[in-house]
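Below: one structure, written as structure tokens.
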There are 2 protein chains.
Amino acid sequence: MTDFLRAQGVLSLGSRLRALSDQLFKEGDLVYKRHGIPMHGRWFPVISLVSLSEKPVSVTYIAQQTGFSHPYVSTQAHKMIKLGYLQDERCSQDERRRLLSLTTKGKALIEQAKPVWDNFKKVAYASVENSGSDFLDAVERFEKEIELRPWSQEVNKLMHDEVEIIDYDPKYKKDFARLNIEWLEKYFSVEAVDQEYFDFPEKKILQKGGRIFFAKLSNQIVGTCALFHEGDGVYELAKMGVSQSYQGKGVGAKLVEHSVACFKSMQGSELFLETHSSLQTAIRLYKKHGFVDQGHRKPGSVYARSEVYMVLEAK
Amino acid sequence: MTDFLRAQGVLSLGSRLRALSDQLFKEGDLVYKRHGIPMHGRWFPVISLVSLSEKPVSVTYIAQQTGFSHPYVSTQAHKMIKLGYLQDERCSQDERRRLLSLTTKGKALIEQAKPVWDNFKKVAYASVENSGSDFLDAVERFEKEIELRPWSQEVNKLMHDEVEIIDYDPKYKKDFARLNIEWLEKYFSVEAVDQEYFDFPEKKILQKGGRIFFAKLSNQIVGTCALFHEGDGVYELAKMGVSQSYQGKGVGAKLVEHSVACFKSMQGSELFLETHSSLQTAIRLYKKHGFVDQGHRKPGSVYARSEVYMVLEAK
DNA sequence: GCTTATTACGTAACTTGCTACATAAATTAT
DNA sequence: ATAATTTATGTAGCAAGTTACGTAATAAGC
């Protein structure tokens with residue numbers, strides 16, 4: 001352990017645990033080699049599971065029990081079959097399943113390896129007692145703690161992550177398109193009319209007196225919406241999108257709130273929007289901020305998906 | 001943690017530590033991603049070391065401090081230079097050295113990442129306290145214990161590893177050659193006369209009334225030697241070789257002992273050997289078992305390397 | 001009975017390290 | 001001053017895993 005890593009404390013724990021893990025595997029390999037046993041530390045989880053099972057076991061079962069991914073178990077099994085330690089047979093009830101078991105050669109290998117494992121256990125437990133506390137217990141407790149309260153979540157709670165609504169900036173042009181295309185492709189499809197707005201937002205929206213807003217969280221753009229100016233103080237709230245991973249966190253509400261406030265400060269005469277009845281969450285949000293469903297399509301709507309027509313009414 | 005791994009106890013510790021390590025890196029990545037910071041957990045050791053150093057640092061220095069191999073640091077540095085976070089300059093005093101430092105972009109990255117690291121520390125230390133014992137301390141003690149008393153050595157002590165001397169068997173023919181070539185190439189070189197013995201040991205040694213012995217440890221052949229029958233009860237002790245990794249463990253002594261005993265049981269009239277004065281360890285061994293240096297070359301010796309001539313004399 | 005979803009396994013490509021080897025500069029020995 | 005050794009770095013290739021995706025067999029829904 002170098003001074004630097006130690007000084008980094010908990011931040012270098014990941015690296016240190018990996019180094020320890022590698023070290024343990026190497027220790028095992030040294031013993032196997034010393035006694036000429038054709039075994040490797042990394043084989044242990046898989047081969048010992050197979051050897052302990054009374055019946056042949058399937059690839060996915062091994063993967064679940066050992067915590068490895070199933071492709072890894074699959075390839076490792078192939079390797080050990082090639083080496084002659086394992087054999088496989090198709091399951092009679094389920095032709096997909098490949099049931100693995102030890103060959104005679106595999107059993108012989110286990111017999112050779114068993115004394116190593118036994119002595120390893122003895123040495124390891126002695127070592128663990130020597131080190132003053134039960135390391136294995138400590139690991140177990142730590143595993144549980146991490147599972148229960150993932151550090152990422154705890155850190156996120158501590159991080160300053162107020163959503164901030166900011167005005168359009170050319171460097172966010174791509175985000176405007178990305179956030180809209182994300183939900184469009186999910187619920188409907190991107191129409192040619194849409195694409196034009198994404199390609200030329202400055203010309204099509206801003207130059208006509210409209211506005212584009214972004215929701216910024218830390219350093220990411222996680223939401224957007226726009227006010228289109230139809231002329232004569234009539235505005236449309238449109239192109240609202242919130243990144244999937246940040247939904248349900250009030251980002252949409254802040255965008256609508258800000259847009260309405262902006263509309264008011266611009267002394268607009270009318271603010272409407274068009275949406276679809278399937279987007280109930282959005283409709284609830286709009287209602288909450290003063291939009292009222294007009295009960296019919298907007299006359300002459302350009303979007304196929306625009307079925308609900310809402311207008312902001314003074315409370 | 002699956003039941004199987006838990007049940008394996010200390011034998012699955014390697015796998016569990018690796019999983020934990022991966023988990024921690026992932027936790028970090030989740031936070032970085034959540035806050036749109038273009039950083040990865042795996043970068044931490046290298047980039048934080050560079051950022052903490054007042055002067056630019058070299059690749060090997062980073063490797064030493066972080067515990068990574070230098071090629072890994074080298075490639076990782078290249079990657080981060082490509083991404084614009086690091087810059088390098090040749091050291092003026094030592095043209096081989098590549099001195100790494102943060103670019104402006106890199107400094108900006110650190111500034112972004114710092115709050116994450118700070119909060120990570122807070123969370124992690126709280127978590128560690130929650131888990132009932134100081135996990136970091138436990139890891140540190142464990143690292144020291146492993147370093148001080150490597151499990152492989154302790155296990156080897158416990159393993160039954162009596163050296164056993166066995167007779168020639170065709171399946172060990174390759175070992176006979178391997179063990180001899182190993183030391184021949186180290187001290188001298190393999191002569192044509194030697195090669196013939198390795199290719200046809202049965203014909204050249206056994207069929208003439210000679211013997212070949214092997215030292216077997218667990219399942220490995222770690223040493224060999226032969227008795228050549230010169231005719232009329234005259235034998236030569238030759239072709240002795242012990243695998244480098246098993247020297248100094250009395251393997252040679254057992255081989256000589258066994259050979260002498262065999263010579264006596266065959267009622268041989270004379271046992272001699274030829275060697276080189278540079279091989280003092282071997283000469284001491286022969287003396288200990290009753291061989292006496294004759295002080296001159298054996299008349300008509302076939303080997304260039306045979307300079308010392310020893311004969312077994314009754315004590 | 002037919003379609004659809006799920007499950008078991010495999011393949012490919014990528015990531016994170018490593019070891020082994022090559023090379024050039026610097027240092028030490030002769 | 002030259003030769004031999006050491007040091008700093010780079011390159012190639014390998015090992016241990018992963019994720020992402022494809023395919024075939026089974027199970028479930030209408």
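Per chain, numbering begins at 1; letters A, B, ... match sequence-line order.
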Sequence neighbours left out, what passes side chain to side chain donor-acceptor pair (under 3.5 Å) with Q65(A)? Give chain and number order.
none
Reckon S69(A) has a side-chain N or O less than 4.0 Å from the OP1 or OP2 of dT18(D)?
yes
Would one find more than 12 heavy atoms of other residues, nucleotides or ligands at under 6.0 Å from atom CD of E147(A)?
no
Suppose we screen for salt bridge (Lys or Arg N to Asp or Glu O under 4.0 Å). Which residues come up paired with D22(A), at least two apart in sequence or across chains?
R18(A), R42(A)
Residues 74-92 of chain A vs salt bridge (charged side-chain N to carboxylate O under 4.0 Å, His left out), sequence neighbours excluded, gives D88(A)-R98(A)
Whole angstrom value for the distance that separates P of dA15(D) from CZ of F68(A):
16 Å
Side chains of Q87(B) and L100(B), heavy atoms from C-beta outward: is any pair under 4.5 Å?
no
So which of residues 40-62 of chain A are in contact with DNA chain C, with a heavy-atom cut-off of under 4.0 Å?
S58(A), V59(A), T60(A)
Give me the residues of residues 5-34 of chain B where at least one heavy atom lies under 4.0 Å from an atom of DNA chain C, by number, or none.
none
Name all residues meeting the salt bridge (Lys or Arg N to Asp or Glu O under 4.0 Å) criterion together with E27(A); count only those two or more places apart in sequence or in a different chain, and write none if there are none.
none
For DNA chain C, the residues among residues 77-103 of chain B that have a non-hydrogen atom under 4.0 Å from it
K79(B), Q93(B), D94(B), E95(B), R96(B)
Pairs where residues 1-17 of chain B contributes a residue and the test salt bridge (charged side-chain N to carboxylate O under 4.0 Å, His left out) is met, not counting sequence neighbours
E140(A)-R6(B), E140(A)-R16(B), E143(A)-R16(B), D3(B)-R6(B)
Please state whether the phosphate of dC18(C), meaning OP1 or OP2, lies under 4.0 angstrom from any side-chain nitrogen or oxygen of Y72(B).
no
Any S74(A) side-chain nitrogen or oxygen under 4.0 Å from OP1 or OP2 of dG10(C)
yes
Residues in side-chain contact (heavy atoms from CB on, under 4.5 Å) with L102(A), at least two apart?
I47(A), V50(A), S51(A), L86(A), K107(A), I110(A)
Partners meeting salt bridge (Lys or Arg N to Asp or Glu O under 4.0 Å) with D94(B) (sequence neighbours left out):
R96(B), R97(B)
For residues 87-122 of chain A, the ring pair (Phe, Tyr, Trp, His ring centres under 6.0 Å) pairs (sequence neighbours left out) are F44(A)-W117(A), F120(A)-W151(B)
Applying salt bridge (charged side-chain N to carboxylate O under 4.0 Å, His left out) as the test, list every pair that has at least one member in residues 52-67 of chain A; sequence neighbours left out.
none
Rounded interatomic separation in angstrom, taking NE2 from H70(A) and C1' from dT6(C)
13 Å
